[in-house]
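One structure is given here, and the rest of the page talks about it.
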Amino acid sequence: MTDYKPQELDKKWQKRWTDSRAFEVATDPARPKFYCLEMFAYPSGHAHVGHVRNYIIGDVMARTKRMRGFNVLHPFGWDAFGLPAENAAIKTGTHPETSTLGNIAHMKGQLQRLGISYAWDREIATCLPDYYKFNQWIFLKMLERGLAYRKRSTVNWCPVDNTVLANEQVVDGACWRCGTIVERRDLEQWFFRITQYADELLEGLETLTDWPEKVVVMQRNWIGRSEGARVTFPVAGPVAGAPAGIEIFTTRIDTIYGATFVILAPEHPIVEKFAAESPDPAAFRAKNAKFRALDRGARLTGAIDKEGFDTGRTAINPFTGKEVPIWIANFVLAEYGTGAIMAVPAHDERDFEFARKYSLPIRIVVISRGRESESPSPSAATTNYGRLVNSGPWDGQEAPAVITKMIADAEKRNIGKGEIQYRLKDWGISRQRYWGTPIPVIHCAKDGVVAVPYADLPVELPKVATFTGRGDSPLAQVPEWVNVTCPKCGGPARRETDTMDTFVDSSWYFLRFCDPANNVLPFDPEDAAYWMAVDFYSGGVEHAILHLLYSRFFTRVLRDVGLVKFDEPFTRLLTQGMVLKNGAVMSKSKGNVVDPDDMLQKYGADALRLYTMFVAPPEKEVEWSDAGLEGSFRFLVRMWRIVDHWAASVASHQPPATLGALTDSERALRRKTHDTIRRVTADIEERMHLNTAVSSLMELVNELYTFSDGTAHGQPTRGEGSAPRASAETSATLAVVREALEALVVMVSPFAPHTAEELWAMLGHAEGLAKTGWPSFDAEVAKADEVVVPVQINGKVRARVTAAAGASEDRLRELALADPAVKAHTEGKTIRKVVVAKGPLVSVVVS
RNA sequence: GCGGAAGUGGCGGAACGGCAGACGCGCUAGCCUCAGGAGCUAGUUGGAGCAAUCCAGUGGGGGUUCAAAUCCCCCCUUCCGCACCA
């Protein structure tokens, strides 16, 4: 027998693939395309098996689709800007570019050693000027369209990373990257107006039928659209000498007759005016300051007690005309709605709790269906819609219908209007760091903010030699870079020293892959029209909101710019599960990282690939197991042996044109072969159940062993090698075996490409698998001659009868009732019903 | 609190109203071996039985159905996401 030496096969076939440019592709409108993409990688240094699992999932898809006749784009690249490299530079002095490019080289080697079939010609790295030039290009387009703008605002500041974070990047009040509790700072920042696309991004979610429901829900919640009304409560008496009003936002205008007080966020602008006019301004401010601090600090870490105080002022409820007190409370958010609410304690749990605590009036205005008895002091808020009471002219009407009418009434009386609020905020993209894309604008004393002309792109990062880690922008410390002349007036000016959030880089990289060398445009619209959208996209669920929402936003912006014609970039999304070791996510700090290279040395790339696909469905989390890996290795050896065992005989044998008289076992093997083709194809392409695809292939191998046992060839270990022995077998046998082996080798090749290529050659094929088609399923062959039909009696299987494959229902019923075991169970009882179900299966009801 | 997903042998997991536990790991026995941490064969949900076979069984409780791991209702547990969003 030929020895199975996977490490040698890995090298041999990887070299052939590279030399023959097997996975490079070109735009070809004559052929159907398939764009298969895995989320590109941050070049942290080493990929562990958790990362690698995702690349293998994509590779199985890409390799399968190639053999299924598609022109497959399967590229890879590097999300190469980012803080870790810069932080490392501060510590070690190594320039981020040096460490990043080094890491890329290492990780690329790792992926190549795994035999992932990437079109490496299209490799991109976002830290290279030829890529980030187009971050700047897109930024300028957005600036022109008013989608990029600058404003002073309170932002999330991470004191460890020394930079601003977008709302999406703050998790539980802490930095998503380093876990530090974020601070608030007022800074002049660049924003992308993603809120302009809020409704579109929300509606687009409906079309994402091949995305995990979970991700769609997360995005929907994040966008957080709520329909309601903005209503003005006039303040009783003048404020700072003039009449004033407090605007509140509510989704429940139907409860407005129950609004017995108004609450302001501590940050609300009118608060300071109230303070100034209060009897003791200093005490007022001190109280409020306490809430501001408490609000910020405590809200981040968890539940806080609702606290507040009376401003001493009152407002007029514009519907009841009554005066209501104005309070300030820590649970009202300045950044949502108008920063002020009408409090309806009877019908809002938070307001109820607050009213109870401070003995504020509670007024019931909604009666839920079926609860006609209204108690004067309710024990809890009732938040359901219902029939209005104590609501003047609106009494007896029901929400939600009455809400529309009340909004219309408010509009007519000019005291309010219908409004839609979003939780989604504009995306702050300024970062006070070095290792990112320079924002391509120039600040001129005369002309203000001036865009860098397109012709001057890219604005390259200056070579900074030392990294201090001080909190100001590192770029500001390079005067020869900062000081420029204004493109408009030629006078002295300064460059913008902030860089872009790295999520900008990843928001359009999938488009760049369509045309990665273009130096005029981010990509050619025709190439994008051919390749996009991404047909299959896989990556971690941690990007469910950030990257995936930003990419959907960018795609729409580029659509409006005229570069693409579609809305959604990713047709089908798979969120792959993480690989755990000892119950924990792999990480360097925990010391539980499994390096793929160690596994390759021991078992070769294919065993690792096969194992990670077999262990569980792709979207499930899995626990790493060395034993499991070994099991997959054993399967490869077992497959190797059975192919090797028959190869010489089968390869020299031309299959007859027709497969005439076959023995029962030969027919059974063909059936198994075709049934396996059907199952594996559906498992990979439709269901993405890669684990069961592998199981089916294992079953086919088991079947081949059993079949061999009944032939002159015998089983591999009992036979003595792979010398041709065609004389001992009928040509029908060889043809059937050949069909099975070839189907097996082709279908296993997405999982174990190196082994498969070698076996394919062993079977006598000069052309590699890249040029091979997927086996086709023959329903005729897969059809069984005979079927075993289970017979249920009162729901329990009591017998099995054998029937011809196409037997009629009547025949099946007859056979079932004639069976001795069935008779024994029905004896002395009355047969009430006999059901013949597809399957087939016979179900008998007796009593 | 709200939303989502899930709960099946010793373990990873199969089974998208029709034979529960495919496939693999582990374990047991046999064969083959100088040897076996290799390979091959057989067995492996629990209980009863020499056996054929029978009983129970998919987190718990109800329901729909000839038939439920699967569909519906209630409850429990776990994981994930959001979390005072007015």
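We name chains A, B, ... by the order of the sequence lines, and we start the count at 1 in each one.
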(message) Suppose we define a pair by two distances each less than 3.5 Å, Watson-Crick or G-U wobble; what does B/G57 pair with here?
(response) none
(request) Could you check A/Asp351, A/Thr250, A/Asp348 and say which one makes a side-chain contact (heavy atoms from CB on, under 4.5 Å) with A/Ile341? (result) A/Asp351
(request) Determine the interplanar angle of the A/Phe249 and A/Tyr336 rings, folded into 0 to 90°, and report it as parallel if under 30°, tilted if 30 to 60°, perpendicular if over 60°. (result) perpendicular
(message) Just N and O in the side chain of A/Arg220: are any of them under 4.0 Å from OP1 or OP2 of B/C82?
(response) no
(request) Would you kindly check if the NZ (Lys) or CZ (Arg) of A/Lys306 is within the cone defined by 45 degrees around the ring axis of A/Phe354 and under 6.0 Å from the six-membered ring centre? (result) no
(message) When the C1' atoms of B/U58 and B/U53 are compared, how many Å lie between them, rounded to an integer?
(response) 24 Å
(request) Tell me whether the OP1 or OP2 atom of B/C40 has a side-chain N or O from A/Arg638 closer than 4.0 Å. (result) yes
(request) Quote, to the nearest angstrom, the C1' distance that separates B/C16 from B/A22. (result) 16 Å
(request) Classify the side-chain pair A/Thr612/A/Arg53 by whether it contains a donor and acceptor separated by less than 3.5 Å. (result) no
(message) Can you build the contact string for nucleotides 59-72 of chain B? Use B for base contact, S for sugar-phosphate-only contact, and - for no protein heavy atom under 4.0 Å.
(response) -------B------
(message) Please confirm whether the shortest side-chain N or O distance from A/Arg634 to OP1 or OP2 of B/G37 is below 4.0 Å.
(response) no
(request) For A/His825, answer base if it contacts any base atom (sugar-phosphate contacts may also be present), sugar-phosphate if it contacts only those atoms, and nothing otherwise; contact means non-hydrogen atoms under 4.0 Å. (result) sugar-phosphate
(message) Return the pairing partner of B/G24 with a 3.5 Å limit on both distances, Watson-Crick or G-U wobble; otherwise return none.
(response) B/C11
(request) Inspect the surroundings of NZ in A/Lys829 and state if more than 12 heavy atoms from other residues, nucleotides or ligands are less than 6.0 Å away. (result) no
(message) Please tell me if A/Arg423 has a side-chain N or O lying less than 4.0 Å from either OP1 or OP2 of B/C82.
(response) no
(message) Counting the benzene-type ring for Trp, do A/Tyr611 and A/Trp624 have ring centres under 6.0 Å apart?
(response) yes
(request) Just call it for A/Lys425: base, sugar-phosphate, or nothing, with non-hydrogen atoms closer than 4.0 Å on any strand. (result) nothing
(message) For a quick test of reading the model: is some side-chain N or O of A/Asn702 closer than 4.0 Å to OP1 or OP2 of B/A22?
(response) no
(message) side chain to side chain contact (heavy atoms under 4.5 Å, CB included) for A/Leu700 and A/Thr673? Distances and angles first, verdict last.
(response) CA-CA 7 Å; A/Leu700 181 56; A/Thr673 300; 4.1 Å; yes
(message) For a quick check of understanding: with a heavy-atom distance under 4.0 Å over all strands, which category does A/Gly337 fall into, base, sugar-phosphate or nothing?
(response) nothing
(message) Rounded to the nearest 0.5 Å, what separates atom CE in A/Met342 from atom CG in A/Asn317?
(response) 8.0 Å
(request) Answer with yes or no whether the side chains of A/Asn221 and A/Arg423 bring together a donor and an acceptor at under 3.5 Å. (result) no
(request) Please state how far atom CZ in A/Phe249 lies from atom P in B/A86, giving the value in whole angstrom units. (result) 7 Å
(message) Protein within reach of the bases, or only the backbone? For nucleotides 5-17 of chain B, mark each nucleotide 5' to 3' as B, S or -, using heavy atoms under 4.0 Å.
(response) -------BSSSB-
